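Numbers restart at 1 for each chain; the letters A, B, ... are given by sequence-line order, proteins then strands. Only this structure's heavy atoms are used, side chains among them; waters, hydrogens and symmetry mates stay out. Every value quoted in this text rests on a predicted model; they were computed, and no experiment measured them.
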Amino acid sequence: MYVKGKIIEQRKLRSEYNILIIEQAEIARKARPGQFIMLQAWERGDIVLPRPFSLYRILPAKGQLHILYKIRGKATLEMSRRIPGEEVKLIGPLGNGADLPETGNIALLGRGIGAAPLMAIAETAYNRGLVVYTFLSARKRELIPGVVDFTRYSSKVVLSTDDGEENEGRLLTVLLEELITKEGIKIKTVFTCGSKRLAQGLLPMETKYNFRAYVLLEEVMACGIGSCKGCVCKVRTPGTPEGHAYKRVCKDGPVFPASEVIW
Amino acid sequence: MYVKGKIIEQRKLRSEYNILIIEQAEIARKARPGQFIMLQAWERGDIVLPRPFSLYRILPAKGQLHILYKIRGKATLEMSRRIPGEEVKLIGPLGNGADLPETGNIALLGRGIGAAPLMAIAETAYNRGLVVYTFLSARKRELIPGVVDFTRYSSKVVLSTDDGEENEGRLLTVLLEELITKEGIKIKTVFTCGSKRLAQGLLPMETKYNFRAYVLLEEVMACGIGSCKGCVCKVRTPGTPEGHAYKRVCKDGPVFPASEVIW
Amino acid sequence: MKDLDLTSELVPGLKLKNPVMPASGTYDYGDGANAFNPSLLGAIVTKSVSAFPRSGNAPPRIHETPCGILNAVGIPSEGVEAFRRNTLPGLKQYNTALIVSVAGETPEDFAQVISCLEEENGIGAYELNFSCPNLGDGIPFGTNPELLYLAVKQIRKVASRPLIVKLSPNVVDIKLMARQAQDAGADILTVANTLTGMAIDVRRRQPVLGNIFGGLSGPAIKPVALRMVWEVAGAVDIPVIGVGGITDTTDALEFIMAGARAIQVGTANFANPKVMLEIIEGIESYMEENGFTRLADIVGLARR
Amino acid sequence: MKDLDLTSELVPGLKLKNPVMPASGTYDYGDGANAFNPSLLGAIVTKSVSAFPRSGNAPPRIHETPCGILNAVGIPSEGVEAFRRNTLPGLKQYNTALIVSVAGETPEDFAQVISCLEEENGIGAYELNFSCPNLGDGIPFGTNPELLYLAVKQIRKVASRPLIVKLSPNVVDIKLMARQAQDAGADILTVANTLTGMAIDVRRRQPVLGNIFGGLSGPAIKPVALRMVWEVAGAVDIPVIGVGGITDTTDALEFIMAGARAIQVGTANFANPKVMLEIIEGIESYMEENGFTRLADIVGLARR
Ligand SMILES: Cc1cc2nc3c(=O)[nH]c(=O)nc-3n(C[C@H](O)[C@H](O)[C@H](O)COP(=O)(O)OP(=O)(O)OC[C@H]3O[C@@H](n4cnc5c(N)ncnc54)[C@H](O)[C@@H]3O)c2cc1C
Ligand SMILES: Cc1cc2nc3c(=O)[nH]c(=O)nc-3n(C[C@H](O)[C@H](O)[C@H](O)COP(=O)(O)OP(=O)(O)OC[C@H]3O[C@@H](n4cnc5c(N)ncnc54)[C@H](O)[C@@H]3O)c2cc1C
Ligand SMILES: Cc1cc2nc3c(=O)[nH]c(=O)nc-3n(C[C@H](O)[C@H](O)[C@H](O)COP(=O)(O)O)c2cc1C
Ligand SMILES: Cc1cc2nc3c(=O)[nH]c(=O)nc-3n(C[C@H](O)[C@H](O)[C@H](O)COP(=O)(O)O)c2cc1C
Ligand code: FES
Ligand code: FES
């Protein structure tokens, strides 16, 4: 769906993070957590491609979408200059989205801006009565976004920062393992985003603790809808001669079983 | 000179005209009427070249430059979006400028936005004690800019509009001729800008009424300082095999004797 | 408005309802993601199909450059058999001309794909993608005049339908390539594919794209593509389809006035999935406002 | 900072103090208009000089395109005699290497200009502009491998100073052109000149430029120029000077990491007359922050 949206709010967080709140009722109604949009919040100029952003919060009742974004290059810089009332163009909702279990506990492991799509998963899971455990890391405390909101939807939010301020900078996978082993919490599904190392760290734990781990991938995108074949990742695919194939992050993902991704 | 300037005011006139007032003391001190600047009032984006604009008013005492401009394409559109306090980049003052006679009467003939450089000439001439007669035309009245200011510096301002509202849309050259023949005013020097037909219309009058006519030319420019050889016009040049040569509007002009230009 | 004739008869039997179609590999048909009904297009053009399945290049495959993008997708394809089975039936449902783009590394590859497709009905023409800079290592025959001639001639033999040859812009003399294609039996030319380029990630100190090189498309290449369309339209008698950087109606009109009898839109679809529809409407408005009734009246207007 | 070595010895006797210089035809020297002292540059490069006076093409000569400009200036020149008399003395006063760009329609033209300049002192090298798309009608020898070889060989005979051959990007295989130039005796290669393009004024229904065709330069062509520098640096043993769309330090570093031992800045000078100075300082900062002491440490870094 290619539609216009209106900016409701441009909220500056600490560090390079911003939250953009967009009024777009149709997408807000249709979207599921783990999905994303292709956004264009600038006039053509020298920027040719729209940019993919996860849905940080989906508020169908208000007809709103929240985007948590980090200023990285020229498109996100332009984005940060938009003010309430201005129009943006969106394509979405896109991607497969996250499949939540019917019941049970889920864990979310995010690094840095990788927390963005996890928020929508946390909120949806919480609303469906699942119990959510959230683990977030970054270089330093102020680079972990949305802790207050995560706390609202999670039974527990565990932080770790490389500078040692939080949890001595220990690995989130280790902290998850402690939750499972020390506190005896059973986890059914894990979603992770923002760090290859995190996703790989989950692999040996899957069978050990009997959970399914999913990773939300990112790849540079042109179309976002599956037509350009630009955004591929390598995925184990039985039945192909090589045993793997390229899958499109935008259409076959962005959520993949962690064990199927070939890094 | 490549310098920064600060926008003091963005004044919307009627129609597609705007006046941009820039604080740039050095250029304001050095500039002469008929000169121009290369302006950059936007971030790089897809616009690669700075754009040439005549100096509409030069106010050395205030350290200000006034630019009268018409919104035509993407650069001028960007320009119109700048607000007071924002920075612009300028190269200038550029070009040969207008040589005013020591004494006597001058006439200015401008069509549409071609009035822009004539204002600086009018003001300077007036301040030096010359008598100024101004003739301006356009499609309709609201496309003739700056009439109030011209009136301040001119003994007479004569308008003509194609829609017949002013002077039945008669040719400015004919109106000038009437001034000379009917009112017995002697004109020493004429400057014209904004219409090829106007400039050509002056040619037979030069010897008849014994004045010197100069035309301010425009050509697409890249550098504005004479190095790219992009902005040429054909000028009669005795001593060359063809009798003419290409001259650079930016450096050899923009003011040329009307009789030397080969259209 | 109802007196406007936007049709473009490229060759007898291939009459487009309007001159606007997607560039191969840049547009998706009919899975609900479409911003408008593809039947409104002058034609639909498939992603290039190869004889056997191909997986394409290693990522990253896309990189944005000033006013352009580099793509090193590398023609992944399900292969012609799967294409016939899975993809073609869906495409035939649209009520517009269907152009199947064909890719390969040798003329035999092309002939094989086409032979296989000859058994199908509902295909309007084949577009031969001779110009992909991402395939193989050697100089592709899309950039060698003699090899191009031989390839078209060989493929011509197996193809009963109109053959569109899509030329590479990475050549010295596009006119020569165009004449070679015409002489060898091409019915229509598409001008042009992407320019070969690359980018380096200064922070990581290595090429950005997995394949190092990629094809440059988008507004950045428009002046080059337009020049080639102008040259080719003056050098051959067969129709030219213009492509390269077209992003709005004015761009499309530039190509048409240069002599293109149809145009393709690629990169611009990504940011604006409705752009082709806007261009069709824009051409209509232009013709109406300027008193033209037939598309043919503006084809090559700037050459006269 | 004082330990940084930005010098680039292109050939014995031609050691640049830093790797940044203007592209021919895009920078003016010393009439007060300069935004900084040209002596700070790694070299100064003249507008191309021809054997006899030439007036250049009819205007309009310049047109802006998305992230680029088309120029159809057409190498106006005062001719080599007037150049010696009027222009050269001023250029010699700068305290940096002086590269004289030479243009012509035949190898004899080039030889004539150079013979004339051989009598002068203070010139560091000649850059042969083989690639101007605005000259003459036929395919210039800058795009034909055999003619290029013969031309360089013939010009080599009369030139005692280092010969820089500036290649045209409008070719199939820039590596081949580069090897031909090297084999024929070129000391250095400049890669590359402008891509041929055009624009149409839809309102006036005719080509924008007086010459119809022009050379495309600026950020739009950077990916293509960079790819060619990468290819050439891997194909020859002589030094490469990179040019095409360089607008800031990161662009310059991309070319250097691709293998260029010096870079030229053209179009970017127009909007920012201080850009070359900023790039020199930017390269210094980059080296300092990343622990490199010699420019040579980063040349070709992305190839390793
Ligand atoms: C499915 C998906 C979801 C994403 N969700 C978020 C999010 O919620 N919040 C957030 O801050 N970022 C998110 N990103 C990343 C975001 O798209 C990039 O940060 C953004 O495109 C950078 O654009 P730029 O012009 O500012 O930076 P640039 O300077 O252009 O690029 C900086 C880096 O951003 C990445 N990037 C550039 N262009 C694209 C593109 N077209 N597609 C994807 N990545 C690109 C590249 O890695 C590049 O090196 C997501 C990416 C994907 C694929
Ligand atoms: C010496 C000189 C003085 C000028 N003074 C004024 C002035 O006082 N007020 C004013 O409104 N305009 C003036 N102009 C014209 C002004 O430069 C153009 O209107 C402006 O460049 C248009 O830019 P754009 O991007 O908005 O339009 P575009 O869409 O880029 O172009 C619209 C038209 O503007 C002209 N133009 C475009 N680029 C350039 C360029 N680089 N150099 C020159 N012309 C260009 C072309 O004719 C083009 O067709 C002057 C031009 C010159 C050469
Ligand atoms: C992501 C992408 C994929 C492409 N795939 C193909 C292809 O499969 N076959 C082909 O002939 N051209 C392909 N092209 C080239 C386009 O069809 C078109 O010729 C080129 O992009 C120039 O047009 P544009 O500037 O409008 O994009 C592809 C281009 C892009 C950007
Ligand atoms: C206005 C203009 C004039 C040029 N004149 C010459 C010239 O005389 N000789 C030459 O070899 N190249 C000439 N060039 C090409 C440049 O030297 C350079 O190769 C090209 O512009 C690409 O670099 P850029 O993108 O940094 O501008 C000219 C380019 C421009 C824009
Ligand atoms: S971004 Fe085009 S296929 Fe995924
Ligand atoms: S604009 Fe460059 S010489 Fe006049």
Against chain D, residues from residues 58-66 of chain C with at least one heavy atom under 4.5 Å, in numeric order, are C:Thr65, C:Pro66
If one checks every heavy atom of D:Leu253 against chain C at 4.5 Å, the contacting part turns out to be both
Among residues 198-210 of chain D, residues within the sub-4.5 Å heavy-atom range of chain C, in order of number, are D:Met198, D:Ala199, D:Ile200, D:Val202, D:Arg205, D:Gln206, D:Pro207
Contact list (residues 293-304 of chain D to chain C, heavy-atom gap under 4.5 Å, by number) returns D:Leu301, D:Ala302
Those residues at least two apart in sequence (or on a different chain) that pass side-chain hydrogen bond (donor to acceptor under 3.5 Å, both in side chains) with C:Gln180 are none
Ranking D:Val224, D:Leu70, D:Ile212 by heavy-atom pairs under 4.5 Å to chain C gives rank one to D:Val224
With C:Pro223 as partner, the option from D:Leu195, D:Leu216, D:Ile69, D:Ile221 fulfilling side-chain contact (heavy atoms from CB on, under 4.5 Å) is D:Leu216
Highest number of heavy-atom pairs under 4.5 Å with chain D among C:Pro169, C:Ala220, C:Ala258, C:Gly197 belongs to C:Gly197
Looking only at C:Glu231, C:Lys222, C:Met228, most heavy-atom pairs under 4.5 Å shared with chain D are made by C:Glu231
The interface call for C:Leu226 against chain D, heavy-atom contacts under 4.5 Å, is both
Applying a strict 4.5 Å limit to non-hydrogen atoms, the region of C:Tyr286 in contact with chain D is side chain
